[in-house]
Amino acid sequence: IKHLTIISEYQHMVTNYISEFLRLLTVGSGETKDHILGMLLNFSKNPSMTKDLLIANAPTSLINIFSKKETKENILNALSLFENINYHFKRRAKVFTQDKFSKNSLYFIFQRPKACAKKLRVLAAEYSDPEVKEKVELLLSKL
């Protein structure tokens, strides 16, 4: 499946599973999260996948991926994922109107940047790695 998320022509074939991938981020093991984040990161690099990512149902606990309990690699990948989605979202903001998205969609995480920013600030305060702190500050400046 990871190969399908690398090639843009195949990405749309697995879009129906994005919600399940996001759910796995909240319940999976560290290794599972690593694989899922890799796939979602591939999706997020493709601007045409932004809407598919934003309409996906996302558990409210998804924001907990930004926790000091996560591995550094998973945190950095999650930060990159959010940064990519935020970048494409802002570039095409006029295309995304609220009525197209359910209240459980990933879209609403980006519509509530204060809640996301609060979680990121806690992560930056609790996590000692300078690379994570720098990446958090970069994302916060773009939200």
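These numbers come from a predicted model, not from an experiment.
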Suppose we screen for salt bridge (charged side-chain N to carboxylate O under 4.0 Å, His left out). Which residues come up paired with K68, at least two apart in sequence or across chains? none
Kindly compute the distance separating CD1 (I36) from CG (L41), expressed to the nearest 0.5 Å. 12.5 Å
Shortest non-hydrogen contact from K72 to V132? CG-CG2, 4.0 Å
Sequence neighbours excluded, the answer for ring-ring contact (aromatic ring centres under 6.0 Å, His included) partners of F82 is F66, F110
Where is the tightest heavy-atom contact between S102 and S105, given as atom of each residue plus distance? O-OG, 2.8 Å
Backbone of G30 reached by a side-chain donor or acceptor of N74 within 3.5 Å: yes
Residue pairs meeting ring pair (Phe, Tyr, Trp, His ring centres under 6.0 Å), one or both in residues 26-61, sequence neighbours left out, come to none
Side-chain donor-acceptor pairs under 3.5 Å in residues 17-29, sequence neighbours left out?
from, atom 1, to, atom 2, distance (Å)
S19, OG, N57, N, 2.8
E20, OE1, R23, NE, 3.2
T26, OG1, R23, O, 2.6
S29, OG, T32, N, 3.3
S29, OG, T32, OG1, 3.2

Between L37 and Y87, is there shared hydrophobic-cluster membership here, with clusters defined by ILVMFWY side-chain heavy atoms closer than 4.5 Å? no
With clusters defined by side-chain heavy atoms of hydrophobic residues (ILVMFWY) lying less than 4.5 Å apart, directly or transitively, does L120 cluster with L138? no
Could you walk me through whether S80 and K135 pass the side chain to side chain contact (heavy atoms under 4.5 Å, CB included) test, one step at a time? CA-CA 8 Å; S80 295; K135 192 114 174 142; 3.0 Å; yes
Rounding to 0.5 Å, atoms CG (N77) and OG1 (T71) come to a distance of 8.0 Å
Sequence neighbours excluded - salt bridge (charged side-chain N to carboxylate O under 4.0 Å, His left out) pairs with any residue from residues 26-45: K33-E70
Please state whether the rings of F89 and Y107 are parallel, tilted or perpendicular, taking 30° and 60° as the class boundaries. perpendicular
Do N64 and K119 have side-chain atoms, one donor and one acceptor, less than 3.5 Å apart? yes
Within a 6.0 Å radius of atom CD on E134, are there more than 12 heavy atoms belonging to other residues, nucleotides or ligands? no
Counterpart residues, salt bridge (charged side-chain N to carboxylate O under 4.0 Å, His left out), relative to E137 (two or more places apart): none
Only one of I75, L123, V122, L76 passes side chain to side chain contact (heavy atoms under 4.5 Å, CB included) with V136, and that residue is L123
Between S48 and N46, do the side chains contain an N or O donor and an N or O acceptor separated by less than 3.5 Å? yes
So L106 and L62, do their side chains get closer than 4.5 Å, heavy atoms only? yes
Does a side-chain heavy-atom distance below 4.5 Å link S44 with E83? no
Gap between atom OG1 of T15 and atom CD1 of I55 - 0.5 Å precision: 7.0 Å
Hey, are the side chains of M49 and H88 touching, using non-hydrogen atoms and a 4.5 Å cut-off? no
